[in-house]
Amino acid sequence: MILNSIKYSEFANTPRAWHLDEFIAGPINLVVGKNAAGKTRTISLIFGLANLVSGDINFVYVDGSYEAHFTNNTDLIDYYLQYENGVITAEKFILNGVALLDRHKGGIGSIYAKEIGEQIKFQAPDNQLACVSRRDDIQHPFFQPLYEWGKSTLLYNFGSPLGKDAIMSSSVTENVDQYLNLKDTNNVIMIYKKGVAKYGPDYTASIITSMHDIGYEIEDIGTDINPNLRYIGPPLAVNLPRPVCLFAKEKDLGERIYQTDISQGMFRCLSLFIQVYYAQMSSTPHLLIIDDIGEGLDFERSTALITILIGIAKKSAVQLIMSSNDRFVMNSVPLMYWSIIQRIGGHCKVYNNKNSKKLFDKFEYTGLSNFDFFATDFTSQDMSDK
């Protein structure tokens, strides 16, 4: 299932008000904007909705309103959610123009029951999403695509350690499935072990090839007990667990480098490929979101990384949303994939090739670099001709 567009607002008509105009998403997207323009907030609210409709988090938000539109094969799905003071006040699910769920304050509403072929009245707790609590294969199977989209939307913060500081105990290495959570990007060691067990040499080869393509001459990767680390326990303790790490073997070095000693930029790339290739091979992701893509990398490596990610998205039909305000990244991604966020107070507007085509086409004729489109505030021109 593909996200077509999303709108969001919270604390309307108050000093805390924040509003995102319609963000129109394509198969491949680069969200750009100045610092504090709303890039991270935009992708976080998308991920937040995914976690809500999948049931991966309990309903804990105070105030907000979502409007999201999807395409699922040939079906169009519209989902609306509104909540105030921590209580759900409206929820609506529409399939191909037909409302199959419509609830209001107090959790009272109607829902379509497939087995009897008609709408029935119901009441749900005002702190539970009906699309989660009422999902089942017999009466309400139409919620399943929304659930699967939420479950398989993955967010990676490229500016974070991405698991570099997370060491796995040898005591859990045989129970990877019990702890595996693809949404926890610190789980990189477990994900790699599961990938090797499930997909064999092809999985490792894909990672190594991509690392080569961005300039890291690695000839082997794996997991092993790090001889440079140890757990500290009671003086007479025996059979203490051992610290298991990822390692990489570079061609021009005689020994392995364990993850504690791998440079942050190199490890971010390694971790990202480990997680993205596992998700791709398991046909898991509907949407991959990568915040601050290319952070800490030089021009050649950031360019190569983005090229690989776009290729993965095209090859596997995975929707890709990246964010950045880095010059290298912007010059690496065609304008056709751009969404530029501008914020005035608590109001964020989004400009892209779909809602502002004339403006984007006009810039193409200037001959300037992509970064200049961002740096010169080209979108501040009169938008009346868009």
Side-chain angles (χ1 to χ4, degrees), residues 1-12 16-26 28-70 79-83 86 129 132 146 149-163 181-187 268 271-272 275-276 279 285-295 309 318-326 329 337-350 352:
M1 190 162 78
I2 297 296
L3 175 67
N4 295 328
S5 66
I6 189 168
K7 292 181 181 179
Y8 178 79
S9 64
E10 63 184 25
F11 300 107
R16 299 174 62 186
W18 192 84
H19 177 77
L20 175 70
D21 276 0
E22 184 178 36
F23 171 70
I24 302 174
I28 298 168
N29 309 267
L30 177 68
V31 182
V32 304
K34 296 180 178 179
N35 288 334
K39 301 183 302 298
T40 296
R41 196 166 185 176
T42 296
I43 62 177
S44 294
L45 69 89
I46 295 173
F47 190 57
L49 178 63
N51 285 331
L52 283 174
V53 299
S54 65
D56 282 339
I57 60 173
N58 293 324
F59 190 82
V60 294
Y61 298 122
V62 177
D63 189 282
S65 177
Y66 281 98
E67 177 183 333
H69 304 277
F70 305 87
Y79 182 72
Y80 302 84
L81 174 64
Q82 182 176 330
Y83 44 94
L129 272 64
V132 175
L146 186 63
W149 173 82
K151 204 72 176 174
S152 63
T153 292
L154 304 175
L155 170 63
Y156 306 102
N157 183 350
F158 196 77
S160 73
L162 282 177
N181 176 9
L182 296 184
K183 290 192 176 185
D184 181 357
T185 57
N186 284 324
N187 255 339
R268 287 173 184 169
S271 176
L272 186 63
Q275 300 189 61
V276 168
H286 285 212
L287 173 59
L288 292 178
I289 307 174
I290 307 174
D291 194 16
D292 285 331
I293 184 65
E295 176 72 20
L309 292 170
V318 171
Q319 191 171 22
L320 176 65
I321 298 178
M322 303 176 286
S323 78
S324 179
N325 61 359
D326 184 273
V329 172
Y337 299 137
W338 278 38
S339 287
I340 304 174
I341 294 184
Q342 288 189 338
R343 180 177 65 84
I344 300 177
H347 191 170
C348 294
K349 300 194 69 172
V350 183
N352 55 38

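For the single chain, residues carry numbers from 1 onward in sequence order.
- Between V350 and I24, every side-chain heavy-atom pair lies at or beyond the 4.5 Å cut-off.
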List the steps and the verdict of side chain to side chain contact (heavy atoms under 4.5 Å, CB included) for L320 and I290. CA-CA 8 Å; L320 176 65; I290 307 174; 4.1 Å; yes
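- The CG atom of D21 sits 14.0 Å away from atom CZ of R343, with the distance rounded to the nearest 0.5 Å.
- Between Y83 and Y66, the ring-plane angle classifies as tilted under the 30° and 60° cut-offs.
- Taking the side chain as every heavy atom from C-beta outward, K349 and I341 never approach each other to under 4.5 Å.
- Side chain of Q319 to backbone of I28: no donor-acceptor contact under 3.5 angstrom is found.
- Checked against T40 for a side-chain hydrogen bond (donor to acceptor under 3.5 Å, both in side chains), the options D292, D291, N35, N157 give a single hit: D291.
- Proximity of I46 to F23: side-chain heavy atoms (C-beta onward) are separated by under 4.5 Å at one or more points.
- Summarising the geometry of Q275 relative to T185, their closest heavy-atom pair is NE2-O, 3.2 Å, with the distance given to 0.1 Å.
- Residues Y337 and N352 fail the side-chain proximity criterion, which asks for heavy atoms closer than 4.5 Å.
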Apply the test side chain to side chain contact (heavy atoms under 4.5 Å, CB included) to residues N51 and L49: give CA-CA distance (whole Å), side-chain angles for both, the deciding distance (0.1 Å), then the verdict. CA-CA 5 Å; N51 285 331; L49 178 63; over 6 Å; no
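- The closest donor-acceptor contact from the side chain of K39 to the backbone of G33 lies under 3.5 Å.
- At distances below 3.5 Å, not a single donor-acceptor pair connects side-chain atoms of S65 with backbone N or O atoms of Y8.
- Between N187 and L182, the closest side-chain pair of non-hydrogen atoms is not below 4.5 Å.
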S54 and D56: CA distance, side-chain angles, deciding distance, side chain to side chain donor-acceptor pair (under 3.5 Å) verdict: CA-CA 5 Å; S54 65; D56 282 339; 3.0 Å; yes
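- Separation of atoms CD1 (I57) and CG (L52) is listed at 4.5 Å; rounding is to 0.5 Å.
- Nearest heavy atoms, S323 versus I43: OG-CD1, 3.9 Å.
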Go through the steps for N325 and V32 under the test side chain to side chain contact (heavy atoms under 4.5 Å, CB included), then give the verdict. CA-CA 5 Å; N325 61 359; V32 304; 5.9 Å; no
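- Between the CD1 atom of I289 and the CG atom of L3 there is a distance of 8.5 Å, given to the nearest 0.5 Å.
- L45 places a side-chain heavy atom less than 4.5 Å from the side chain of I6.
- A distance-only check finds a donor-acceptor pair linking the side chain of S271 to the backbone of L162 [under 3.5 Å].
- Counted by atom type alone, N29 and S339 present zero donor-acceptor pairs between their side chains at under 3.5 Å.
- Put simply, the side chain of H69 never gets that close to the backbone of S5: no donor and acceptor are under 3.5 Å apart.
- No more than 12 heavy atoms of other residues, nucleotides or ligands lie within 6.0 Å of CG in N58, so this atom counts as exposed by the packing criterion.
- In this structure, the side chains of V318 and L287 stay at 4.5 Å or more apart for every pair of heavy atoms.
- No side-chain heavy atom of L155 sits under 4.5 Å from any side-chain heavy atom of K183.
- Note: L309 CG to L272 CG = 5.5 Å, rounded to the nearest 0.5 Å.
- Taking both residues in full, the closest heavy atoms of Y79 and L146 are given as CD1-CD2, 3.8 Å, listed atom of the first, atom of the second, then distance.
- Side-chain atoms of R268 come within 3.5 Å of backbone N or O of E295 as a donor-acceptor pair.
- Of the inter-residue distances, the one linking M1 atom CE with S152 atom OG reads 8.5 Å to the nearest 0.5 angstrom.
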Where do D326 and I293 land on the side chain to side chain contact (heavy atoms under 4.5 Å, CB included) test, with the steps shown first? CA-CA 9 Å; D326 184 273; I293 184 65; over 6 Å; no
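- Residues F11 and W18 place their aromatic rings such that the two centres sit no closer than 6.0 Å.
- Scanning all heavy atoms of the two residues, the minimum distance from A12 to A17 falls at CA-CB, 4.3 Å.
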